[in-house]
Structures are given as C-alpha cells and as structure tokens.
Chemist: 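One structure follows; several queries about it will come next.
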Amino acid sequence: MSDRAPQPVERRLPTEESRQLVALVRDIVSKEIAPRAAEEEEAGRFPRELFTLLSESGLLGLPYGSDHGGGDQPYEVYLQVLEELAAARLTVGLGVSVHSLACHALAGYGTDEQRAAHLTEMLSGGLLGAYCLSEPASGSDAASLRTKAVRDGDDWVITGTKAWITHGGIADFYTVLARTGVEGPRGITAFLVPGDAEGLNAALPEKKMGMKGSPTAQLNFDGVRVGDDRCIGEEGQGFAIALSALDSGRLGIAACAIGVAQAALDEAVAYATDRRQFGRPIADFQGLRFMLADMATQIEAGRALYLEAARLRDAGEPFSRQAAMAKLFCTDAAMRVTTDAVQVLGGYGYTQDFPVERLMREAKVLQIVEGTNQIQRMVIARHLAGPETR
C-alpha cells in the first residue's frame with residue numbers, strides 16, 4: 001500500500017461550527033475508524049462501540065432539532081459528514097444514515113408526547129435504530145407489504161416478516177411499516193417497536209458480497225404487542241411517511257456512494273504515482289491519466305448533485321426528483337469509479353492487500369438499497385412525464 005496520504009476533500013461549509021464538526025469527524029475517522037476498517041470488515045465485526053462514540057460526539061442526530069438532542073445541522077452539512085464516514089468504512093457511514101432514517105418518522109410525524117418520551121434517547125442516548133419496510137415478497141413494490149398490525153384494545157399486535165433489515169437483530173428500536181387497513185398504500189401505518197419486544201426475533205444475518213461488518217437480517221414479528229402510543233402519525237398515513245423518509249434517505253445513500261468513490265480514487269492516485277513501469281510512474285501514461293481524470297470528474301459531479309438536492313431540502317422546497325437523481329448518479333458513479341480503481345492497481349487491485357477490491361464490492365449494494373436504480377429512473381420519469389398509463 002502506498003505511503004502517499006490522500007488530500008482531504010475541500011469542502012465549502014456554511015458556518016464555523018460546521019467546519020469544526022467536519023474536523024471532529026476527520027479526527028474520529030483517522031484514530032478510531034480507518035485503522036481497523038479492513039480487518040473488522042474481513043472478520044464481519046459490527047463496531048457497536050463506534051456508534052456509541054458517535055452518539056456521545058453528537059453525530060447520530062445531526063439533521064434533527066436540538067430540543068430533542070439533535071445537532072440542528074442542515075442536510076448540506078449532515079451529508080458531508082456521512083461522506084467522510086463512508087470513505088473510511090461504509091458500515092459506519094451507511095449505519096449512521098440508516099439510524100437517521102429510523103428516526104425520521106417519529107421526529108417528523110410523532111406527537112409532542114411521543115417525541116418527549118422517545119426521541120432524545122434515539123438521537124443522543126446511545127441507541128441504534130433500524131428501518132423496516134421491505135419484506136421477502138415486497139421490495140420495490142413496497143405498497144404491497146403483508147405484515148399486519150391488528151388493534152386489540154389499547155394495543156396493536158404485529159405479525160409478519162421483514163427482510164433486508166440493516167442492523168436487524170442488534171437495533172434498539174425499529175420503525176416498522178405494517179398493514180392496518182385496505183390493500184395498497186392507504187392501508188399502511190407506522191409503528192415504533194422496541195428492539196427487545198416479546199415475539200420479535202431475527203434470523204441469521206445474510207451472507208453478503210460486501211459490507212460484511214453490517215448485519216442484514218430478516219425479522220419475524222410473532223404477535224409483537226405495542227401500545228397505541230407507539231403508533232406514529234395517523235392510521236393509514238404510514239406509506240406517505242415512508243416515502244418522505246426515503247427521499248431523505250436516498251440523499252444519505254448518495255453521499256455514502258461518493259465517499260466510497262473518493263476513497264477508491266485516493267487509492268488509485270496514490271498507487272499510480274508510486275508504481276513504476278518502463279522506468280517511470282504509471283501515472284505518466286496518458287491512458288491511465290485519463291482514467292483518473294474521469295473518476296475525479298464523476299465524483300465532483302455526484303457531490304454537486306447531492307449537495308444541490310440537500311440545499312433544496314434545507315430551503316423547504318420539493319426535492320424528491322433531485323434526491324432520486326442524486327441516488328442514481330452517485331451510486332452508478334461509485335460502481336464505475338471503484339471498478340476503474342481495481343483496474344488501475346491491476347493484479348494488486350484484485351487482492352485484499354489493497355482496499356479497492358472491498359470498495360468495489362461495497363459499491364454494488366448502493367445501487368440496490370433504498371430503491372434500486374431502476375426504481376430511481378421510474379421516479380425521475382414520473383416527475384418528467386407523469387404517471388405511467390395502465
């Protein structure tokens with residue numbers, strides 16, 4: 001591995017506080033995350049102690065209000081923090097994004113009493129969250145989910161199976177979407193379920209291509225009982241809440257993708273400037289120089305796209321189309337950039353002695369999670385041409 005240290009990304013941050021925040025994140029990355037990332041990913045170890053540290057450092061609730069323990073940071077800043085974390089280890093960056101997604105329903109749609117009871121601990125109390133929308137038979141077609149919640153007096157009883165749950169089996173709380181009424185999107189309601197609820201059981205984690213340190217598992221809800229005070233929003237409002245959360249979550253995935261791509265570019269540049277063939281660094285050869293230039297351009301374009309979407313969100317303007325575009329472009333770019341990074345390193349890129357093979361495997365999942373890139377194209381097209389005719 002090269003001794004050449006990558007230069008930090010030059011960021012235009014809005015305040016001195018946000019600049020200090022990014023400096024804190026970089027310090028945590030250099031001391032606590034990056035040194036152990038490769039070893040722990042290979043071992044499939046989830047770094048729960050790192051998430052405790054991130055919570056103690058105020059980094060698990062950045063885009064939420066300080067009145068409940070959040071960081072009061074705009075999405076423009078929060079996403080750049082995610083990018084820094086994901087560049088060091090995607091398990092951490094994506095984990096923070098998923099935790100933020102799991103807090104969205106309560107923060108945005110809960111009552112004052114619900115937020116007072118739960119939100120502070122979720123944002124800054126060392127808890128870890130997960131988001132339960134997908135099921136074995138309903139991934140992209142989320143509106144057809146089958147998990148049911150049936151009212152029983154002052155309680156709800158939840159029965160069904162959720163699939164592809166990041167932090168499944170280790171989360172302290174789950175935001176769960178379940179059917180409480182008619183078929184389709186109008187019969188879905190959101191619930192906040194404790195991780196230790198009776199009747200809630202996790203299957204063995206999936207054996208994945210990448211992100212081996214982040215557990216992904218099915219969850220079985222076998223008559224899980226929660227009080228009516230854990231029903232979030234109005235009955236039947238759950239699908240709208242889920243879509244609102246996914247718009248924001250897709251920006252998190254976009255930022256993570258650019259972080260992964262940036263890490264791959266840094267490795268490729270370092271290797272190309274050190275590796276010598278035919279008596280000179282391979283970075284002198286035009287074919288390879290053009291590859292590096294294209295990789296850097298895709299990263300800059302992706303970063304600009306997700307930041308523009310974030311600024312729309314921060315201004316209270318519609319951003320769903322831009323979020324889909326950012327998720328689509330940034331994750332496709334990450335796949336291309338990491339693949340090219342492996343090519344730059346040649347045979348070494350295909351070994352575990354260098355991180356680019358891990359980055360390439362991790363980039364793939366980002367084209368799939370929180371709406372496949374085919375779904376993003378459908379979302380974008382609907383904004384342009386209206387709904388499909390049937």
Side-chain angles (χ1 to χ4, degrees), residues 1-9 29 33-44 82-94 206-214 216 253-278 280-303 327-369 372-373:
M1 190 175 296
S2 171
D3 293 330
R4 177 189 173 109
Q7 296 298 310
V9 174
V29 161
I33 302 177
R36 300 193 297 272
E39 177 184 354
E40 292 192 349
E41 281 299 319
E42 184 179 358
L82 284 187
E83 184 189 329
E84 295 278 345
L85 293 171
R89 187 177 179 188
L90 184 57
T91 286
V92 178
L94 188 67
E206 306 289 349
K207 296 180 179 179
K208 297 178 299 183
M209 178 185 201
M211 282 191 69
K212 296 180 180 180
S214 175
T216 303
I253 299 301
C256 287
I258 294 302
V260 169
Q262 183 68 58
L265 174 63
D266 291 342
E267 290 292 332
V269 170
Y271 182 87
T273 53
D274 283 357
R275 173 72 168 172
R276 300 182 68 84
Q277 293 287 278
F278 306 102
R280 53 180 172 157
I282 63 172
D284 280 0
F285 295 98
Q286 187 180 76
L288 195 144
R289 295 176 79 86
F290 283 5
M291 285 180 69
L292 297 176
D294 286 345
M295 293 159 72
T297 300
Q298 291 176 75
I299 291 169
E300 290 289 348
R303 185 176 290 125
K327 198 272 184 184
L328 167 64
F329 182 89
C330 293
T331 59
D332 279 353
M335 195 71 247
R336 289 191 296 268
V337 168
T338 55
T339 301
D340 284 349
V342 170
Q343 190 70 20
V344 169
L345 271 68
Y348 291 110
Y350 200 65
T351 72
Q352 293 183 1
D353 295 330
F354 291 80
V356 291
E357 64 85 28
R358 171 170 60 86
L359 295 170
M360 179 181 172
R361 288 186 286 106
E362 291 178 340
K364 184 63 208 174
V365 76
L366 299 174
Q367 295 178 300
I368 299 170
V369 296
T372 67
N373 283 5

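Note: hydrogens, waters and symmetry copies are ignored here, and every other heavy atom, side chains too, is used. Treat the numbers as computed from the prediction; the structure is a model and nothing was measured.
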Chemist: To the nearest 0.5 angstrom, please state how far the CD1 atom of Ile258 sits from the CG atom of Leu366.
Modeler: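 Ile258 atom CD1 to Leu366 atom CG measures 10.0 Å (nearest 0.5 Å).
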Chemist: Taking atom CD of Gln343 and atom CG of Leu345, what is their separation to the nearest 0.5 Å?
Modeler: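 Those atoms lie 10.0 Å apart.
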Chemist: Would you check if Asp284 and Arg289 make a side-chain contact, meaning some heavy-atom pair closer than 4.5 Å?
Modeler: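 SC-SC contact between Asp284 and Arg289 confirmed.
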Chemist: Taking all non-hydrogen atoms of both residues, which atom of Val344 and which atom of Ala268 are closest, and how far apart?
Modeler: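 Heavy-atom minimum between the residues: CG1-O, 3.8 Å.
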Chemist: Starting at CD of Glu42, measure out to CD of Gln352 and round the result to the nearest 0.5 Å.
Modeler: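 The CD atom of Gln352 is 4.5 Å from CD of Glu42, to the nearest 0.5 Å.
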Chemist: Which heavy atom of Leu90 sits nearest to which heavy atom of Cys256, and what is that distance?
Modeler: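 The answer is CD1-CB, 3.8 Å.
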Chemist: Looking at every heavy atom in both Lys327 and Ile368, which two are closest together, and how far apart are they?
Modeler: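 Taking Lys327 first and Ile368 second, the nearest heavy atoms are NZ-N, 3.9 Å.
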Chemist: Would you say that Phe354 contacts Val342 through its side chain, given a criterion of any heavy-atom pair below 4.5 Å between the two side chains?
Modeler: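 Of all side-chain heavy-atom pairs linking Val342 with Phe354, none is under 4.5 Å.
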Chemist: Roughly how far apart are Ile299 CD1 and Gln262 CD, rounded to 0.5 Å?
Modeler: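 One finds 4.5 Å between CD1 of Ile299 and CD of Gln262.
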Chemist: Closest approach of Ala334 and Ala363, non-hydrogen atoms and distance?
Modeler: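 Nearest heavy atoms, Ala334 then Ala363: O-CB, 3.8 Å.
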Chemist: So, for Val29 and Leu85, which heavy atoms are closest and what is the spacing to 0.1 Å?
Modeler: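 Smallest heavy-atom distance, with atoms named: CG2-CD2, 4.1 Å.
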Chemist: Measuring from Arg361:CZ to Met211:CE, what's the distance to the nearest 0.5 Å?
Modeler: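 Arg361 CZ to Met211 CE: 11.5 Å, rounded to 0.5 Å.
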Chemist: Side chain of Glu357, backbone of Gly349: donor and acceptor closer than 3.5 Å?
Modeler: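 Absent.
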Chemist: Please check this pair: side chain of Lys208 against backbone of Glu362, looking for a donor-acceptor N/O pair closer than 3.5 Å.
Modeler: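 Between the backbone of Glu362 and the side chain of Lys208 there is no qualifying donor-acceptor contact (under 3.5 Å).
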Chemist: Given side-chain contact (heavy atoms from CB on, under 4.5 Å), test Ile282 with Tyr271 step by step and report yes or no.
Modeler: CA-CA 9 Å; Ile282 63 172; Tyr271 182 87; 4.0 Å; yes
Chemist: Quick check on salt bridge (charged side-chain N to carboxylate O under 4.0 Å, His left out): which of Glu40, Glu39, Glu84 does Arg89 satisfy it with?
Modeler: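 Exactly one pass, corresponding to Glu40.
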Chemist: Could you give the distance from OG1 (Thr338) to CZ (Arg358), rounded to the nearest 0.5 Å?
Modeler: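 With rounding to 0.5 Å, OG1 (Thr338) is 12.0 Å from CZ (Arg358).
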Chemist: Taking the inter-plane angle between the rings of Phe285 and Phe278 on a 0 to 90° scale, is it parallel (under 30°), tilted (30 to 60°) or perpendicular (over 60°)?
Modeler: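 Correct class here is perpendicular.
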Chemist: Grab the two heavy atoms, one from Ala88 and one from Ala37, that are nearest each other, plus how far apart they are.
Modeler: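 So the minimum-distance heavy-atom pair works out to O-CB, 3.6 Å.
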Chemist: Answer with yes or no whether the side chains of Gln298 and Asp294 bring together a donor and an acceptor at under 3.5 Å.
Modeler: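 Gln298 and Asp294 do not have a side-chain donor-acceptor pair below 3.5 Å.
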Chemist: Taking side chain as C-beta onward, heavy atoms only, is Val365 less than 4.5 Å from Met209?
Modeler: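 Side chain of Val365 against side chain of Met209, heavy atoms only: no contact under 4.5 Å found.
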Chemist: Do Gln367 and Asp332 come close enough that some side-chain heavy atom pair is under 4.5 Å?
Modeler: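 Yes, at least one pair of side-chain atoms sits under 4.5 Å.
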